[in-house]
Every structure is written in structure tokens, then in C-alpha cells.
Amino acid sequence: MNTANISPTNRRQFLAGAGALGAAALMSGCVTSSSSGGSSSQSSGTVSVQSNLSSPQAKSAMENLVAAFNKRGGPKAKLNTVASETFRTQLPTYLTSANPPDLLTWYPGSVADTYAKKNLLLDVSDIWTTGELAGYSDAQKKLCTDSAGAKVFVPASYNWWGVFYKKSNFARWGVQEPTTWDEFMALCDTLKSKGVTPIGLGAGSGTAWVASAWFDYLNIRINGAQYHRDLLAGKHRFDDPEVHKVFDKWTEALPYFDPNGTALAFQDATTALLNNRTGMMLIGTFFADAAPKDQVGDLDFFRFPVIDPKVPLAEEGPTDGYFASAHTKHKDEVKQLMSWLATVEAQETYLKGSSGISIPVNPKAKDSGTPLVKKGRALIENAPDITQFFNRDSSDALQPTADTALTKFLAKPKEINSILTTWQRDAQKIWSQ
Amino acid sequence: MAVLTAAGRRTSRGGRKRATRVPPVVLAFVLVPLLAEGFWVFWPALQGFYLSLTKWDGISPPQFIGLGNYREMIHDTVFHTAILDTVLWLALFGGLSAVLGLGAALLLQQERRGVGFYRAALFLPVVFSLTATALVWQAMYQPDGLINKTLSGVGLGSLTHPWLADQDTALYAVIVPALWRQIGYVMVLYLAGLKGIDPALYEAAKVDGASKWQQLRHITLPQLRSVNAVVLSVIIIDSLRSFDVVWALTRGGPYHSSELLSTYMYSTAFQSLRLGYGSALAVVIFVLAFGVIASYLVRAFKEAD
């Protein structure tokens, strides 16, 4: 480059530009500075929707949903789908950035409340008083309310957890669905005597969290749902005698678990179930997304067996939906979109595009109508209490402590005392954050 | 530097025209990248160091706790495991890839028919990303995967194992794909080094009646010293930043048995959202990497002089 060609003015502009660029980098790199809401308003009223629903069917269902909203006239929305794991680790960054996505998919309850407490979520209490949201059940209203009493979430669909099996297999083996723990143990015995591995798990290869379902269910059947939630909130200790009881019960079932349970991802474990290598599996309905269509009709489930009849029968029914960033520059448009997402039209549109196993939250929206979904809907709607799942009733940060403790228990059940002491110590670090 | 200072002084006194000895555009070419580097590299690094002195969940403002994170590290058993595993990784992955890479290079250095095919075959794994490599190996390590099936097939059924799910085998099972990929790379470095040795040295040795072993010990190995410095630096850097293959295969599990400092740093920071403690771990990794490499390189270059 010839220096003679650059006039002083040009140079100044160049350097000023470079300086501005550097300053912009400084601002964006400045992770420790607290972000302000930003007062500049964008001219376009397009609402950005950040979605973690990245599996093919769910992604295309979301695309249909946004297209349907854009067809209505009025404000427009734009979908940005992010791989689930990336979304999870980036969520705090999304919410604290100066220019956040307007609407995000995520979970209600304890998880949403964590962000609401830090004033990161938009208060949408007003849209809950009108339209179809006003007709939602009290349980849903409670689930979507933060600890300060504001509604910060709009639920869209839920799924349920149960012990899944193949109808044809149970018929072939001549066995029935158990309702109590003793019947369940007897069933396991029968299956084992027929050379079948009774219980599949799928807590290996990155899906260790699946084991938490066993902990959740045993705890809510033995100590009750409220104790479970309190435990996950740090109000009890993981080395309490109540928690020991959970593992005593689990130890009774351990001989019936697939020895490869901690080596297989849940997708491989469900394949083992569908290929008749295991008898049953405690899993959420989402696994059916990957099951061949002709097998889904053969699937059935039963409620996790009753252990103590005095304890009310809570079920795990994790809800999915949306919250909006408190820093959104399109408050009105976001609220319009959120109210619409709660309608029968929106929830049925989503369900038609997806695998159809989940259940719409809107009480008037039709589910896919298969016997399996009807049974699942009845299970959740008749349950006296609903829990979400380990990480949703506590936090994503606490989940790795459970993964470590539970996989260790499955491998070395005799070391339960030291496992629970370590778990409590690790959890304490998260709670004291 | 002296010119720069002198020019700068004159600029401040005398004005624009006399500064032409160092044209401002040249200064800009130095300063602008420095500015960019400063903002994008040094500033985040310094901030990482500052964060290591705080307690931070990624959302609330960081809370300054001084050396609290480092004090916690002293009593953190998982951190101890991660350090031990990292040292083991450095020794096994680093040592074996150097030895096997050198072995492969010695074996494949002579131009024979078909040698190109073997070189290409050994180098091929380098082409794949480690994550892709890990996924292929994950399928092989499955309870009913290729490795267990082969073992049962040849009558060694008693050796079948959930390789990645057993704390006794997980770390070693993860090292294998990392080695599989690294050997080809190290081999190429050594092949280049071997090509640079003067053939006259070997001829002279032959005339003196030196055996193959003596030629290796007294000619090949000493002549490869400069390549060794490169190989060792590469291996140490690769060992300390090994993350992808472990994360893809075991995520440091089962229960931290294959935890390296890098995976522990990632899971603490981004899974448990303890970004202060995670930053402290990152500082430890940096100090270790920098310390090991700097001390080695200083020694290597001193010897070279």
C-alpha cells in the first residue's frame, strides 16, 4: 500500500473506525459489567424467538407455528433454533445480554423463578387475566408464577414419565401391570426367570440424567412431593435418613436392572426395549420421538408403583413453554405472541407438526387422541400433585451432582453413605452460589 | 525501538512533517492489531484471572472472594483426581504418541514399494475431527459393540467390559482414540526430521562398522533433537488442551474417573455455573501449560546453542 494515497483525514477516519470497533469489542467482551436494558428502540417490530427444540420433528413444528403466527397479520416473529445443549449453557448469557432474544423456550417453576428473582424475565401477569390463558388450570397458574407473585411463563405442552413396556411382550409373558412395589418386584422376578432383563435404564453416554427419574419417583413415593421439592431447594440434606430410605428401596430393585444400564444412552436403551431385550423402562414420552411408527402402537405404560399408600400419588409431568426477556424492546408484540401461543389454534398446530406424543396445556386443545396419549393425559390430570423433573425442580447446575452420585450408586451401592455425604457437599457448593 | 522513541519525541515537539521517518501507517499497522489483540485476547485473559478471584453464577454480579477459589481447590478431591488424570494423560498419551510416532517414522522412512499407502493410512485419522473420531470409537466401545463382539468371537468373552462406563477402564479407553489420531501426526514430524539427516553420516558409520542399533543411538536420535523440541511442545500443548475426545466419550465420568483439568473446568463453569471456580481452574491450566512449555523450551534452546 502506498502511504501517499492516505490523506490525514482518511487516516483519522480509519483510526477512529478501528477505535470504535475496538471499543465495541470491549463492550461486548466486558462480561463483568452489568448490562442495562438499553433504551434504543428497534424500528422493526419482529419478535425474535430463540428455540432449543432442535430435533427434526420439533424444529419443523416450531417453524409451522411461527409461520402460522406471521400469517395472522399484526406483529411478526422470527425463529432461531439452537442445539439443545448449546442453548442450555448459553441461556444465562442470552438473558443478561444487552440485546437479548425477545422470547425463549424453556421451563416454568423453579428454573424460571431463578431468573425471575434476578429481574431477567418479563412480567406477563396481564395476559393471564384475559383470553384463553384465563381458562388454564390453577395448577398451571401456580407453576407459571414466580416467588414474587408475578406470572412470568406461558406453558405450551407437557409430557409424562411412566414405566413403559410393549403390550405384545406382556401378553406373551402372561404378566400384568403392577400397581404396588411388591407386585412390581414379583413382576421383575417373573421376567428374570424367563431370561429377560426386567429393567432397562439408559444412563450412559451423556444421558446420565435419566437415572434421576428413579431418584425422583422413589423419593416422591416414599417421602412425598413436597419433601422432594424442599430437598432439591436445599431445605433438607442429601445425607438425611429420609434420603437413605430412598436408596434402601432402590437397592431392592438393583438386581433387576440391566447391567449395561449406565453404559447405554437412553436412545440405545429404548432400542433394547423395542427389540425385546429388556422388559420395561422408566422414561419420559419424548423417547417415542425416535421409535419406529409401527412400534408406537404397541407401547403402553403403567404408573410408577405405590410404595407407601399414605403418600399422595404425585407424577412427573414436565411442562415446556416460553418466557420473555425483561429487556425485550418489543414488550407488546411479545405479549401478543405469548397469548397466541397459549391458544387452542397454536397448540394444535404445534402438535400436528411434532411427533404428537406430548399433551397440549390448553385444556380445550385436542391431543393426538391415541390410547397412549389419552392414558397419559388422565395420569397427569388426576394426579394430586405434579413434579417437573430433577433439574427443573432444582436447577441445571444441581443436575451434574445427581448424575455423579446416582451413577456411582448404581455401580457401588454399598458405598451409599460416602456417596450421599459427597452429594450433599457438592450440592452445598451450588446452593451457596 | 530506539527509532520509534526518537520519532515519537520529535513528533510531539516538532509536528507532523518530521515524523515521516516512521510513517504513521506503519505505526497503525502495529498499533491496530495490538489494540485488537489487546481487546480480544489480553483483556479477556485478564478478566478470566479477575473472575478466578470471584464467586460468580453467570447472572448476578461477581462477588470478590480473593483467593477463596484457590483455597477450595486444595481440598477438592475431584480437582486432585483431575490433576492426577491429567498427569497420567500427559505421560501415557504424550509418551506413547512420541514413542509410537517415532517408531512408525523409522519403520516407514525408507522408500519401498507401498510405503506411501502405509504412511497415508497412519496419517488418515489426523484428518478426522476428534469429536467424529470419538463418536466412531463410542460405537465400538458399546456393550454390544465391535470390541466386545470381537472379544467374545475369539473366545475371550470373560474380558468383555462396559469400557466407558467402568471407572477402572474409562480413562484408558479414552486415551486410545486420542493416541490413534496423534501417532500419524507425530510420525509426519519425525519423517520430516529423518529426511533432514545427512546420509553421509550413516555411510561413515557403516565404514566404521557400526551396527543398526549403534547408528540409531549415535546418529539418528541426536540428529532428531531439534524435532524432539517441536514434538514435545506439540504433545504437551495437545495433552493439556485435550477436551473434545473426553467430553464426547465420557464427559469426565463415570463419577469423575476420566476427569481431566479441561473437562472439570468446563463442567464446573458451564454445567454447574460456578464460573469463578471454573476460571480459577482455567488459570491453573494456563500456568501449568505455560510453565511446562516455557521451562522445556528454554532448556531445549539452551542446549541447541
Side-chain angles (χ1 to χ4, degrees), chain A residues 1 3 6 8 11 14-15 18-19 21-26 29-34 88-90 92-93 95-96 114-115 118 120 203-206 208 258-265 268 272 277 395-401 403-405 407-408 410-412 419 422 426 429-430 432-433, chain B residues 16 20 23-26 28-29 31-33 35-36 38-40 43-44 47-48 50-51 54-63 72 76-78 138 141-144 161-167 247-256 266-277:
Chain A
M1 187 185 280
T3 50
I6 297 181
R11 264 198 313 268
F14 173 64
L15 286 174
L21 205 69
L26 180 69
C30 193
V31 283
T32 49
S33 73
S34 64
R88 193 181 62 69
T89 50
Q90 292 289 315
T93 318
L95 286 171
T96 49
T114 315
Y115 294 117
K118 320 227 178 208
L120 294 170
S205 295
D258 179 4
N260 290 328
T262 51
L264 297 173
D268 299 315
R277 289 201 296 273
S395 65
D396 281 335
L398 200 68
Q399 183 69 55
T401 67
D403 295 349
T404 305
T407 45
K408 185 153 193 185
L410 288 163
K412 306 182 171 208
I419 291 170
T422 312
D426 291 347
K429 286 182 195 165
I430 307 290
S432 66
Q433 261 303 108
Chain B
R16 196 167 273 284
T20 44
V25 75
V26 173
F29 270 106
L31 288 179
V32 171
L35 215 67
F39 286 138
W40 271 299
W43 174 245
Q47 238 179 5
Y50 166 68
L51 284 176
T54 65
K55 192 161 117 174
W56 189 37
D57 61 0
I59 305 167
S60 326
Q63 191 189 331
E72 183 186 332
D76 183 352
T77 47
V78 184
Q138 187 169 51
Y141 279 133
Q142 286 282 302
D144 53 356
H161 225 76
W163 300 99
L164 295 171
D166 186 326
Q167 65 158 350
W247 195 255
L249 281 172
T250 62
R251 297 181 184 229
Y255 35 98
H256 305 300
Y266 182 85
S267 63
T268 318
F270 299 108
Q271 292 205 299
S272 305
L273 290 178
R274 302 183 64 223
L275 284 115
Y277 195 59

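Below, read A as the first sequence line, B as the second, and so on, with proteins coming before strands; counting in each chain starts at 1. This is a predicted model, so every value here is computed, not measured.
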Can you tell me which of Gln399(A), Gln90(A), Arg88(A) forms the most heavy-atom pairs within a distance under 4.5 Å of chain B?
Arg88(A)
Interatomic distance, Tyr255(B) atom OH to Ile419(A) atom CD1 [nearest 0.5 angstrom]
8.0 Å
Distance-minimising heavy-atom pair for Pro44(B) and Gly38(B)
CD-O, 4.2 Å
Is Leu273(B) close to Pro92(A) at the side-chain level, that is, under 4.5 Å between some pair of heavy atoms?
yes
Supply the atom-to-atom distance Arg251(B) CZ to Asp403(A) CG, rounded to the nearest 0.5 angstrom.
9.5 Å
When the 4.5 angstrom heavy-atom criterion is applied to Leu164(B) and chain A, the contacting part is neither
Atom OH in Tyr277(B), atom NZ in Lys55(B): separation rounded to 0.5 Å?
13.5 Å
Lys408(A) versus chain B, the contacting section by heavy-atom distance below 4.5 Å
both
Could you tell me which portion of Gln271(B) (side chain, backbone, both or neither) has an atom closer than 4.5 angstrom to a non-hydrogen atom of chain A?
both
Contacting region of Asp268(A) [heavy-atom separation from chain B under 4.5 Å]:
side chain
When the 4.5 angstrom heavy-atom criterion is applied to Gln167(B) and chain A, the contacting part is side chain
Portion of Leu120(A) that has a non-hydrogen atom of chain B nearer than 4.5 angstrom:
side chain
Rounded to the nearest 0.5 Å, what separation is found between the OG1 atom of Thr114(A) and the CG atom of Asp396(A)?
9.0 Å
Residue Asp166(B) versus chain A: region with a heavy atom under 4.5 Å:
neither
